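For ligands, and for the atoms within them, numbers begin at 1 and follow the listed sequence. Because the structure is a prediction, the values reported are computed rather than measured.
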Amino acid sequence: MERYWNQEIECASREDMKKLQDERLVAQVKHVYENVKYYRDLMDEKGVKPEDIKSTDDLHKLPFLSKADLRDAYPYGLLATPLSECVRIHSTSGTTGRRVVAFYTQHDIDIWDECCARAITAAGGTKDDVCQVAYGFGLFTGGAGLNGGSHKVGCLTLPMSSGNTERQIQFMRDLNSTILCCTPSYAAYIGETVHEMGLTPEELPLKAGIFGAEPWTEEMRRSIEKSLGIKAYDIYGLTETSGPGVAFECSEQTGMHINEDNFIPEIINPDTGEVLPEGEVGELVFTSITKEAFPLLRYRTRDLCVLSRKKCSCGRTLIKMAKPMGRSDDMLIIRGVNVFPSQIETVLIEQGYSPNYLIEVDRVNNTDTIDINVEMNPDQFSDKVGDLQDKERQLAGAMKTMLGINPKVHLVSPKSITRSEGKAVRVIDKRKLHD
Ligand code: ADP
Ligand code: ZN
């Protein structure tokens, strides 16, 4: 039977949810207009006044904010409360450039914890569970977010942070961890280490995992579920909106429910800014309607995604977002063809390879080149050059079918690609060095 952390909100009627969002949005726009000069200027420039925003139907009238604005306004330019009201700062991982910082009041932290508590409960967590948090702790939001949610649910919390993989597994077994929270790439690495330590998934007390902070494919999910003997749930978030817990997966595992009482999502055409109807792929935009210290309105995430209001079997009525395909800036354009690293991951796992790979893109004589280094599993390893070449050719063929381009595939020996304990680096784009 499905359990909820906050059934009233998670299963609210559309009408009640919209009413709540309308009220919160109106108050939030007023709060931001009065307290954030940076955004007030943007609204004035667009000729929008707080009074023009009467409900969520008026959301499209507001100006967007982007990462460039956050960098511009660094560090205090988007702060909406006095610093003395703030209790915490977090920072982005800096995956795509200069870091930005976000501020939290105690109320902001309480709401964030609540969002993560919903995620843990949806993954089956109760106060009788032991929750091992192996996301990084520190400025990164992963560790702090799930730690707070785990406390709120009342789980016995193991704030391991990432790294020291054998010790993770040792503690997991000694202390009976039932829920593991970390990035999917780290979960895959833990799974691999379990196997190397001569253990089987049945020897682990785990039942569920809550994995996010980076894109991962369905194939990767199945592979982690098998190697750890668990059900793996997705979780999404970003520092700019608080951290993990903006959206979380339920038992249906067909997308993540967005905590709409705190974040209003929109999908826009990234080129024109036009709002797209439900079901179309575009850039995900969030408006935080409950945040006090760092309340971003219409923040462009650059994550490409689809929203759906299709009825979910779990009983939640919160809108769902599909797994993000990656950020618009993760997309590689190779000889005019759009390629996402996630498509490459899908092919690799389908063909029986490990999720350990590194994509190198370059430009030689004005032509884009793509080299995919793929690690062999020990049982795929062969000394015979001919064997290797056959395998490489076969994999390149499968890539061609999926991607429409012909990459060079290099099979490399087991263990030669660096494992990730946090967000994995999958792409090196050398073209940027020449520009
Ligand atoms: P940075 O932007 O520097 O990586 P964050 O740690 O705030 O900093 O990362 C947020 C980003 O991580 C999101 O915008 C998204 O691209 C990615 N992300 C987070 N969770 C997921 C998820 N479950 N699936 C795919 N991508 C995710
Ligand atoms: Zn659901």
In a table with atom names and distances, give each donor-acceptor pair under 3.5 Å that connects a side chain of residues 207-216 to protein atoms at least two apart or in another chain.
unit_1	atom_1	unit_2	atom_2	d
Lys207	NZ	Gly124	O	3.4
Lys207	NZ	Asp129	OD1	3.0
Lys207	NZ	Asp129	OD2	3.2
Glu214	OE1	Ser185	OG	3.4
Glu214	OE1	Ala424	N	2.7
Glu214	OE2	Ser185	N	2.8
Glu214	OE2	Ser185	OG	2.6
Trp216	NE1	Asp234	OD1	2.9

Residues two or more places apart in sequence or in another chain: which of them pass side chain to side chain contact (heavy atoms under 4.5 Å, CB included) with Glu360?
Asp371, Asn373, Ile428, Lys430
Could you tell me which atoms of ligand 1, counted from 1 in the order shown, lie closer than 4.0 angstrom to a heavy atom of [X]?
{"X": "Thr239", "value": "5 (P), 6 (O), 7 (O)"}
{"X": "Lys67", "value": "2 (O)"}
{"X": "Asp303", "value": "13 (C), 14 (O), 15 (C), 16 (O)"}
{"X": "Pro324", "value": "24 (N), 25 (C)"}
{"X": "Glu214", "value": "18 (N), 19 (C), 20 (N), 21 (C), 22 (C), 24 (N), 25 (C), 26 (N), 27 (C)"}

Name all residues meeting the ring-ring contact (aromatic ring centres under 6.0 Å, His included) criterion together with Tyr104; count only those two or more places apart in sequence or in a different chain, and write none if there are none.
His90, Trp112
Among Lys67, Arg298, Arg300, whose salt bridge (charged side-chain N to carboxylate O under 4.0 Å, His left out) with Glu283 holds?
Arg300
Close N or O approach ([X], ligand 1; < 3.5 Å):
{"X": "Trp216", "value": "no"}
{"X": "Thr301", "value": "no"}
{"X": "Ala213", "value": "yes"}

Lys423 heavy atom under 4.0 Å from ligand 1
yes
Give a yes/no on ligand 1: does Arg327 have at least one heavy atom closer than 4.0 angstrom to it?
yes
salt_bridge([X], [Y]) N-O dist < 4.0 Å:
{"X": "Lys231", "Y": "Glu249", "answer": "no"}
{"X": "Glu114", "Y": "Arg118", "answer": "yes"}
{"X": "Arg221", "Y": "Glu218", "answer": "yes"}
{"X": "Glu192", "Y": "Lys415", "answer": "yes"}

Tell me which part of [X] gets within contact of ligand 1: side chain, backbone, both or neither, using heavy atoms under 4.0 Å.
{"X": "Asp234", "answer": "side chain"}
{"X": "Phe211", "answer": "neither"}
{"X": "Glu249", "answer": "neither"}
{"X": "Thr141", "answer": "neither"}

Other residues, nucleotides and ligands only: do more than 12 of their heavy atoms fall within 6.0 Å of OH on Tyr38?
yes
Taking atom NZ as the centre, does Lys46 end up with more than 12 heavy-atom neighbours from other residues, nucleotides or ligands that are less than 6.0 angstrom away?
yes
Donor-acceptor under 3.5 Å (Glu350 side chain, Glu219 main chain)
no
Main-chain N/O of Glu10 paired to Arg316 side chain as donor or acceptor, under 3.5 Å
no
Checked the Zn ion (ligand 2): protein N, O or S atoms closer than 2.8 Å come out as Cys250 SG, His257 NE2, Cys312 SG, Cys314 SG
Tell me whether the centres of the aromatic rings in Phe103 and Tyr76 are closer together than 6.0 Å.
yes
